[in-house]
Engineer: 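First, the structure itself, so that you have it in front of you.
Everything quoted here is computed from the prediction, not taken from an experiment. By convention in this document, chain letters (A, B, ...) are assigned in the order of the sequence lines, proteins followed by strands, and residues within each chain are numbered from 1.
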2 protein chains.
Amino acid sequence: MATISDVAKLSGQSKTTVSRVINNHPYVSEEKRELVLKAMEELGYTPNPTARRLRGQLTTTIGVIVPRIVNPFFSYLVNSIENAAYQRGYQVLIAQSNEDKEKELAFLNLLKNKQVDGIIMTSIENDWEIIEPYTKYGSILLCNDYVNQEVAPMIRLDQTKGAYLGIKHLVEKGHQKIAYCTGGLFDAHGRGRDRNLGFQKAMQEANVKINPRWIFVDQHTIEDGKIVLKQILEMDDRPTAIFTGSDEVAAGIIIEAKEHSLSIPQDLAVVGFDDQPIAEILDPKLTTIRQPMDQMGEKSVKVMIELLENPKMPIKTYELPIELIVRQST
Amino acid sequence: MATISDVAKLSGQSKTTVSRVINNHPYVSEEKRELVLKAMEELGYTPNPTARRLRGQLTTTIGVIVPRIVNPFFSYLVNSIENAAYQRGYQVLIAQSNEDKEKELAFLNLLKNKQVDGIIMTSIENDWEIIEPYTKYGSILLCNDYVNQEVAPMIRLDQTKGAYLGIKHLVEKGHQKIAYCTGGLFDAHGRGRDRNLGFQKAMQEANVKINPRWIFVDQHTIEDGKIVLKQILEMDDRPTAIFTGSDEVAAGIIIEAKEHSLSIPQDLAVVGFDDQPIAEILDPKLTTIRQPMDQMGEKSVKVMIELLENPKMPIKTYELPIELIVRQST
DNA sequence: TTGTATGCGTTATCAT
DNA sequence: ATGATAACGCATACAA
């Protein structure tokens, strides 16, 4: 690899002048600039990012933490982040937390070591108090997941509204016996809290009572969905509709329903969440809440880069639209 | 961030001694080692990878190039690579080529700049002659995709056998009119070549003629699959079975078939490729060729790290098992 | 066994 | 407008 010294030697200039040309500094004559440019061309010179990094420059690398890349929601999110970053000359370092607090912290350390300029967290496993100290080493942006104070820039969706729209849709379809799945616990704190609120609000407005037996917590996968349906089948008093926390859980429910010759939506109406590709693959096609992954990724990168260029930018929260997509499962 | 100098100062030793302790060098007295260790602990010291990198050390970062991360085949592959790498203390830098030659090269440049120790290519867009020069800057390993000489370590599957198994299965089910989809072109070179061979071999063995009208090239997505089915419907002489290059194309075919009230497998038997999660979600469930993504990722990382530790290791090709999974679509 | 000095490639500081 | 030099944090050749 050619270095700046090689360019300096070949062009007959000093390293400083070469550096000035590279970084578009003023005070370099057109004549010498040409000389340097020509030498760079000739040697196929590219600045060594490692050396720049050591000098405290930006790394033009953004880290992204996802819980699991095989979850389509996150792979689509990463996709849009990677594309947006590449367009702006940034690279993307990816890590899966596997929902593991320790792994999350291990990755945040990259910030400390200036391996990445900033990190986009798409899920947050540790309490914010644990994560906060890392913000002094670089920018942290929350995308999708969030905390309840404005401590970091956030790109988020109105999850409360998402759940509200889904439940309201079921009520309008005439359902009164509505089950509810969440990826979190059904409590006032922690994951899924906002969706729970939307659920409660819609139920209240419709004057229908929440049946605690029809609340399923900690549901994530297709397999989980299948089990949920089996549990419902064993009930004397069954719900006529179910709102799920993800398209995958909904998929499990629909697949298992078919095994038991249950008709959807006649016997059970199903609403998903995310609008992943499987929503259109399922038969019947899935009514779901669309989360605009593309917009989220794009926006996250945009805000992250603004933040890197101007670290004392005021912390803001950006909310993106969320919408109900009605298909055949309701 | 604490530096090696801070540790040296606090422990009252020289930077060299500290460095020796960090790197587990011999010739450092137990007494001083303790001292250094204590200071490191106290300062929460971690070596700065950037500085190490600049010194020409390994970066403990592996790059992975995938064509598209949203393709489940690749997201599962990346998943296993990331997990295997993390276990061994390596980070994973991800890039999508989007099947773009230029973007692929841009990413290979990371090798030149010692941003990554090695790159795992899961698809190869440029000709090998273009890529080859980069091997002198770091290790390149081919996983999934491959070239036809032993120019780099390869982790691959016997694609010929995969296609052969699928076609043979259809023949055994009594089919004679078999259509064939490929992601590449149906020629002797380039992508999909090996699968084409397996297809031809199986057809020949069964003494059934290949109908060129039933060959669909450059098929990748669910949307492509839908179009394929529409094209088949317009034919006077329709195939009774179809072998596809991916579960996604198969999914498109099955979904579209349903729209036209075609029964699967009665009216059309369908074989996929990959054994992605949708294979089990589709109704009917998809008969497909299983590619062991987990094993591929794991093995790739293992070989890559061996290679980094011993760069003059002989170049070898590792072939992993591929198998037919029979479900309901045939 | 330990320490001093040097260099990796870059950019910032300070002269000129 | 240009250049010499120091510094970023680390590991190593060499000296002691």
Side-chain angles (χ1 to χ4, degrees), chain A residues 1-37 39-40 43-61 89 109-117 137-138 309, chain B residues 1-37 39-40 43-61 109-117 137-138:
Chain A
M1 272 303 287
T3 76
I4 199 171
S5 300
D6 298 330
V7 178
K9 206 174 300 171
L10 183 61
S11 65
Q13 303 306 309
S14 71
K15 293 196 297 179
T16 309
T17 301
V18 176
S19 176
R20 286 203 178 96
V21 172
I22 296 168
N23 297 287
N24 280 312
H25 277 290
Y27 301 129
V28 40
S29 67
E30 197 47 46
E31 176 198 8
K32 306 218 161 182
R33 156 171 272 110
E34 292 299 339
L35 242 43
V36 171
L37 253 22
M40 282 172 46
L43 293 168
Y45 168 78
T46 345
N48 180 326
T50 304
R52 289 184 147 177
R53 205 168 297 196
L54 188 57
R55 282 286 338 204
Q57 293 289 114
L58 295 186
T59 67
T60 63
T61 303
N109 265 312
L110 296 180
L111 222 40
K112 223 165 150 183
N113 294 323
K114 287 273 169 282
Q115 297 255 66
V116 297
D117 297 334
Y137 301 118
E309 285 170 354
Chain B
M1 273 306 286
T3 75
I4 200 172
S5 301
D6 298 330
V7 178
K9 206 174 299 170
L10 183 60
S11 64
Q13 303 306 310
S14 72
K15 291 197 294 179
T16 309
T17 302
V18 176
S19 175
R20 288 206 177 94
V21 172
I22 296 168
N23 297 289
N24 280 312
H25 276 288
Y27 302 128
V28 40
S29 67
E30 196 48 45
E31 176 197 10
K32 306 219 162 179
R33 158 172 270 110
E34 292 298 337
L35 242 44
V36 170
L37 253 21
M40 282 172 46
L43 292 168
Y45 169 78
T46 344
N48 181 327
T50 304
R52 290 184 147 176
R53 203 167 300 196
L54 189 56
R55 279 281 341 212
Q57 294 289 114
L58 295 186
T59 67
T60 64
T61 303
N109 265 310
L110 295 181
L111 221 42
K112 221 166 151 182
N113 294 323
K114 287 272 170 280
Q115 296 255 66
V116 297
D117 297 335
Y137 301 119

Engineer: Within this structure, what is the NZ-NZ distance for the pair A/K15 and A/K9, rounded to the nearest 0.5 Å?
Structural biologist: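 Going from NZ on A/K15 over to NZ on A/K9, the span is 10.5 Å.
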Engineer: Measuring to OP1 and OP2 of D/dC8, would you say a side-chain N or O of B/N48 lies under 4.0 angstrom away?
Structural biologist: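 So the side-chain polar atoms of B/N48 never come under 4.0 Å of the phosphate oxygens OP1 or OP2 of D/dC8.
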Engineer: In sequence, state the C-alpha distance, the side-chain angles, and the governing distance for B/T3 and B/D6, and then conclude on side chain to side chain contact (heavy atoms under 4.5 Å, CB included).
Structural biologist: CA-CA 5 Å; B/T3 75; B/D6 298 330; 3.6 Å; yes
Engineer: Would you tell me if any nitrogen or oxygen in the side chain of A/K32 comes within less than 4.0 Å of OP1 or OP2 on D/dT2?
Structural biologist: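 Result: yes.
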Engineer: Per the side chain to side chain contact (heavy atoms under 4.5 Å, CB included) rule, which among A/V7, A/L35, A/V28 passes with A/V21?
Structural biologist: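 In the set A/V7, A/L35, A/V28, the residue that makes a side chain to side chain contact (heavy atoms under 4.5 Å, CB included) with A/V21 is A/V28.
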Engineer: List in chain and number order the residues that pass side chain to side chain donor-acceptor pair (under 3.5 Å) with A/S19, two or more places apart in sequence or in another chain; answer none if no residue qualifies.
Structural biologist: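 Partners of A/S19 by the side chain to side chain donor-acceptor pair (under 3.5 Å) criterion, ordered by chain and then number, come out as A/N23.
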Engineer: Nucleotides 13-15 of chain D: which of its N/O atoms have a protein N/O under 3.5 Å away?
Structural biologist:
none

Engineer: How would you list, by chain and number, every residue that makes a side chain to side chain donor-acceptor pair (under 3.5 Å) with A/S14, sequence neighbours excluded?
Structural biologist: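 A/S14 satisfies side chain to side chain donor-acceptor pair (under 3.5 Å) with A/T17 once adjacent residues are dropped.
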Engineer: Could you tell me which residues satisfy side chain to side chain contact (heavy atoms under 4.5 Å, CB included) with B/S11, sequence neighbours excluded, listed by chain and number?
Structural biologist: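 Applying side chain to side chain contact (heavy atoms under 4.5 Å, CB included) to B/S11 gives B/Q13, B/V18, B/V36, B/A39.
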Engineer: Could you give the CZ-to-C1' distance, from B/R33 to C/dT1, as a whole number of Å?
Structural biologist: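 So the CZ-C1' distance, B/R33 to C/dT1, works out to 12 Å.
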Engineer: Apply side chain to side chain contact (heavy atoms under 4.5 Å, CB included) to A/I22 and A/M40, showing your working.
Structural biologist: CA-CA 9 Å; A/I22 296 168; A/M40 282 172 46; 4.2 Å; yes
Engineer: To the nearest 10°, let me know how far the axis at one end of the helix from C/dT1-D/dA16 to C/dT16-D/dA1 is tilted from the axis at the other, five pairs an end.
Structural biologist: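 About 50°, once rounded to a multiple of 10°.
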Engineer: When you measure from the side chain of B/N23, which nucleotide among D/dA11, C/dT11, C/dG9 comes out closest?
Structural biologist: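 Shortest atom-to-atom distance from the side chain points to D/dA11.
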Engineer: In this structure, how many angstroms lie between the P atom of C/dT1 and the CG atom of B/N24, rounded?
Structural biologist: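 From B/N24 CG to C/dT1 P: 15 Å.
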Engineer: Whole Å only: how far is the NZ atom of A/K15 from the P atom of D/dA4?
Structural biologist: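 Distance, rounded to whole Å: 10 Å.
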Engineer: Between B/I22 (CD1) and D/dC10 (P), how many Å, whole number?
Structural biologist: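 One finds 6 Å between P of D/dC10 and CD1 of B/I22, rounded.
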Engineer: Looking at B/H25, does any N or O in its side chain come under 4.0 Å of the phosphate oxygens OP1/OP2 on D/dT12?
Structural biologist: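 For B/H25, the contact criterion (side-chain N or O under 4.0 Å from OP1 or OP2 of D/dT12) is met.
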Engineer: Can you check whether B/Y27 has a side-chain N or O nearer than 4.0 Å to OP1 or OP2 of D/dT12?
Structural biologist: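 For D/dT12, neither OP1 nor OP2 has a side-chain N or O of B/Y27 closer than 4.0 Å.
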Engineer: Tell me whether the side-chain N/O atoms of A/R52 come closer than 4.0 Å to OP1 or OP2 in C/dT11.
Structural biologist: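 For C/dT11, OP1/OP2 do have a side-chain N/O of A/R52 under 4.0 Å.
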Engineer: Which part of the nucleic acid, if any, lies within contact of B/P47, taking any heavy atom under 4.0 Å across all strands shown: a base, the sugar-phosphate backbone alone, or nothing?
Structural biologist: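 Sugar-phosphate only.
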Engineer: Roughly how far, to the nearest 0.5 Å, is the CZ atom of B/R52 from the OG1 atom of A/T50?
Structural biologist: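 A/T50 atom OG1 to B/R52 atom CZ measures 14.0 Å (nearest 0.5 Å).
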Engineer: Going by heavy atoms closer than 4.0 Å, what residues in residues 3-12 of chain B are next to DNA chain D?
Structural biologist: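 Correct list: B/T3, B/I4.
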Engineer: Check the pair A/I4, A/Y45 against side chain to side chain contact (heavy atoms under 4.5 Å, CB included), reporting the backbone distance first and the verdict last.
Structural biologist: CA-CA 8 Å; A/I4 199 171; A/Y45 168 78; 4.0 Å; yes
Engineer: Where the side chain of A/L54 is concerned, which of D/dG9, D/dG3, C/dT2 is the nearest nucleotide?
Structural biologist: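 Of D/dG9, D/dG3, C/dT2, D/dG9 is nearest to the side chain of A/L54.
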Engineer: According to side chain to side chain contact (heavy atoms under 4.5 Å, CB included), who are the partners of B/T61, at least two apart in sequence or on a separate chain?
Structural biologist: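 A/L93, B/R53, B/T59, B/Q91, B/L93, B/V116.
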Engineer: Could you work out, with side chain to side chain donor-acceptor pair (under 3.5 Å) as the rule, every residue matching A/S29, not counting sequence neighbours?
Structural biologist: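 With neighbours one apart ignored, the set is empty.
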Engineer: Considering only side-chain heavy atoms of A/R55, which listed nucleotide, C/dC8, D/dT2, C/dT10, is closest?
Structural biologist: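 So the side chain of A/R55 is nearest to C/dT10.
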Engineer: Just to confirm, is there a sub-4.0 Å distance from OP1 or OP2 of C/dG3 to any side-chain nitrogen or oxygen of B/Q13?
Structural biologist: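 Yes, because at least one side-chain N or O of B/Q13 sits under 4.0 Å from OP1 or OP2 of C/dG3.
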Engineer: Would you mind reading off the distance between A/R53 atom CZ and C/dT10 atom C1', rounded to a whole angstrom?
Structural biologist: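 Taking atom C1' of C/dT10 as the reference, CZ of A/R53 is at 13 Å.
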Engineer: CG/B/L54 to CZ/A/R55 distance, rounded to the nearest 0.5 angstrom?
Structural biologist: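 These two atoms lie 11.5 Å from each other.
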